[in-house]
Amino acid sequence: MQFLPLEQLNIDEKILKILKDRGIEKLNPVQTEAINKGLLKDERLLVTSPTGSGKTLIAELGIISHLLNKGGKAIYITPLRALTSEKFSELKVWEKLGYKVGMTSGDYDTDDAWLKNYDIIISTYEKIDSLWRRNPSWLKEVDYFVLDEFHYLNDPHRGPVVESVAVRIRYKNLLALSATIQNYEEISKWLNATPVTTDWRPVPLKEGVIIPEKKSSYKVIFSNNESINIKGNDAILAYVNYVLQHGGQVLVFRNSRKIAESTARKIASNMGLFKMDKELEKISNEIKEVDDAGTTEKEDLAELVRSGVAYHHAGLSKGLRDIIEKYFIQRKIKVIVATPTLAAGVNLPARSVIVGDIYRFNRQILGFNEEIPIMEYKQMAGRAGRPGFDKEGEAIIVVRNKSEADRVFKKYILSPPEPIESKLGNEASFYTFILGIVSSEGRVTSDEVEDYAMGTLLDKDIVKSYLKKGLNWLRDNEFIAGDDDLVLTKFGKRVADLYINPFTAKTFKDYLTRNEKSCNVAYLHLCAYTPDGPRVSVSRNEMYDLVDLSPCPLFIEEPDDEDEFYNYVSALKVGMIINDWIEEVDEDIILGRYGIGSGDLRSIIDTMDWLTYSGFNISRVLDLKEHAEAFYILNLRVKDGIKEELIDLVKVPGIGRKRARLLFENNIKKPEDIIMNVDKVKSLLGSRLGEKVAKDAARIIAGNA
DNA sequence: TGGCTGCTCATCTAGACAGCATGTC
DNA sequence: CTAGATGAGCAGCCA
């Protein structure tokens, strides 16, 4: 284990100064090792090391030294939007050297052409993949790529994109950063990169299991053979109390939202000691004021937080999650019970991590519960130990008995995580990959496509069979044209640019060409039924009601197959949710009616916004005028959750579904009406907002003219 | 007949990327 | 192989 004092670093003074200003005196062993392997000399590297071991700084040094020596541009790619903005603020300090730092991702988007003004761009894998398909000229100037959280390659859903991006930068400078993986040698060979691997962590990690003993007693056994006895009637409760008594914070992971919530409640009712804390009272009130969440969820959470406990999952609105994360980092909130959201996302460490469940329901293998991958456990355990606060972090797994304890200990604590493998081996992913290649190249021979495909991690024989099938399928369905000289058709190019799954495009095409215009629910159902559509769970009770609820004939016929029927009904539920949304049904009512959280609603709306826009474009490129018209209006309504009559009003910034409705009911129906009745608008919206809205309305009208 | 208790059995289950128009964070 | 919380439904009991 070697620490390298900054003085010994052969690096530009300007860089040193910035590092010193940040309080960095020496580089840690991982960083030192990366430098020894050529980080500052543009060596292609694959760094595998635990969470929180300072990989971001490695990336920063790599990027900056490259820019200083060679100029050009650098792109830093992450798998999550939240990480993209986190890295953006971290990399911002380098603007002191005159470099411009920018970011772009789905929810924080920047015009393609504008990106040429930045030297360092932070983005997501999907966004970069999408950008590549359009191939703006500045992209060729980018010659340094950081691929963060590279182990996402192993994710069945997101992995194919990570792999596609990696394949494209075979001949550029590359720095791949990953959690610890078993087969790093194989992967680095594939990437043509030098491996840098260590187990060094800034805060040592103690892993263990908690086992029930006699009655009201638990034993915790750690990997260093230490063990402690704890009293209590519930393993999680007992351990949480133990940690709190020693002044630590706890992150508890559970495998379902409902269980996370009830565990949080159980812990809260056991936390008399923090009740009536003034700070917590304040946070509780702040939660009640959040404006993007449902009333019930705010009240539930506000009550819990009064005890210093919160739950956290994707059903919660962004606003609620932000508050919880913020006050946990400030150590006001002592315990968070979370689903796996927090395992992979932003940096949110705690002294202790409790992994409540090692099993997880799996829809594919019904009635069968699978054990979570070791990699996932390591991600959760990796959150243990706060640098600067805790001397050591601890992660414990809850088990049921002694024999399970032995097995779990061996598997999760003593074994390395699974090897990571290509996830391109399925039709949808592979065909998408080919489509992307043809799109960015503009015109390619099938040999060149094969050359790209052979560069993937996929087994060569599998590549060959998929390639043949894929090219035929894409040709048969009119995405590409030409036998040897391949180009995208107009339809194919549109699909590539919209970034929809080719099977989504085919679904649109098939049903739209075959059917006449129908009602909104039919269009929404079609969007939701595509492979890109949002999936919602449907209970047995809902299932049959939903079928009767549909207000008009749908484009898709009711399937006989049980699984397909479920997808059909799930899509119908999405259709009904969005239909309520665009009929201006109150948000609280929607959440209650369909049993979803405000975070779920938000994500369904976002996806359906994208898909209705895609439906519009697909209809247009196929020259289906009636469908295009219907999708166009529908898309505008889905964006803001409004009836058609409010479309003009919401064009004014600051006016959403609620304000637009208020104005409309008071006979202000167009931006022009706002300007004509500024006093009325001010009395309805308050004078400051009214003033601003009037100004923006004037600008919009001027823009239209 | 009405209401409560306790048991059995069926039911249910994580997460999050993308377009475009905005302004350019 | 490798789950567990929840809630509806119902039998049984008592007043």
Check: In Watson-Crick or G-U wobble terms, both distances under 3.5 Å, what is the partner of B/dG19?
Finding: none
Notebook entry, point to check: For A/His313, what residues pass the ring pair (Phe, Tyr, Trp, His ring centres under 6.0 Å) criterion, not counting sequence neighbours?
Noted result: A/Tyr311
Notebook entry, point to check: Can you list the residues that meet the ring pair (Phe, Tyr, Trp, His ring centres under 6.0 Å) rule with A/Tyr377, with sequence neighbours excluded?
Noted result: A/Tyr412
All salt bridge (Lys or Arg N to Asp or Glu O under 4.0 Å) counterparts of [X], not counting sequence neighbours:
X	result
A/Arg158	A/Glu126
A/Glu376	A/Arg360
A/Glu404	A/Arg400
A/Lys411	A/Glu371

Under 4.0 Å between a side-chain N or O of [X] and OP1 or OP2 of [N]?
X	N	value
A/Ser539	B/dT11	no
A/Arg400	C/dG4	yes
A/Thr339	B/dG15	yes

Notebook entry, point to check: What residues, two or more places apart in sequence or in another chain, satisfy side-chain contact (heavy atoms from CB on, under 4.5 Å) together with A/Asp406?
Noted result: A/Lys402
Next item on the list: Looking only at side-chain atoms of A/Asp155, point me to the closest of B/dA14, B/dG15, C/dA3.
Entry: B/dG15
Check: What nucleotide, of B/dC17, B/dA14, C/dA3, holds the atom closest to the side chain of A/Phe361?
Finding: C/dA3
Check: Tell me the salt bridge (charged side-chain N to carboxylate O under 4.0 Å, His left out) pairs involving residues 537-546 of chain A, sequence neighbours left out?
Finding: A/Glu542-A/Lys573
Checklist line | salt bridge (charged side-chain N to carboxylate O under 4.0 Å, His left out) partners of residues 493-503 of chain A, not counting sequence neighbours, each pair once | finding: A/Lys493-A/Asp497
Could you check whether [X] gets within reach of a base, just the sugar-phosphate, or nothing at all, counting any heavy atom under 4.0 Å?
X	value
A/Pro79	sugar-phosphate
A/His313	sugar-phosphate
A/Arg158	base
A/Arg360	base
A/Leu611	nothing

Using nucleotides 5-10 of chain C, report all nitrogen or oxygen pairs with the protein that are shorter than 3.5 Å.
{"residue": "C/dT6", "atom": "OP1", "partner": "A/Ser262", "partner atom": "OG", "Å": "3.3"}

Checklist line | salt_bridge(A/Glu261, A/Arg265) N-O dist < 4.0 Å | finding: yes
Checklist line | Base-pairing string, 5' to 3', of DNA chain C - Watson-Crick or wobble, under 3.5 Å, | interstrand | finding: ..|||||||||||||
Notebook entry, point to check: Is the backbone N or O of A/Arg657 less than 3.5 Å from a side-chain atom of A/Asp640, with the two atoms forming a donor-acceptor pair by type?
Noted result: no
Next item on the list: Determine, for nucleotides 18-25 of chain B in 5'-to-3' order, which nucleotides have protein heavy atoms under 4.0 Å from the base (write B), from only the sugar-phosphate (write S), or from neither (write -).
Entry: BBBBBBBB
Next item on the list: Decide whether a cation-pi geometry holds between A/Lys73 and A/Tyr118; the criteria are a distance under 6.0 Å from NZ or CZ to the six-membered ring centre and an angle within 45° of the ring axis.
Entry: no
Check: When rounded to the nearest Å, what value does the distance between P atoms of B/dA14 and C/dT6 take?
Finding: 14 Å
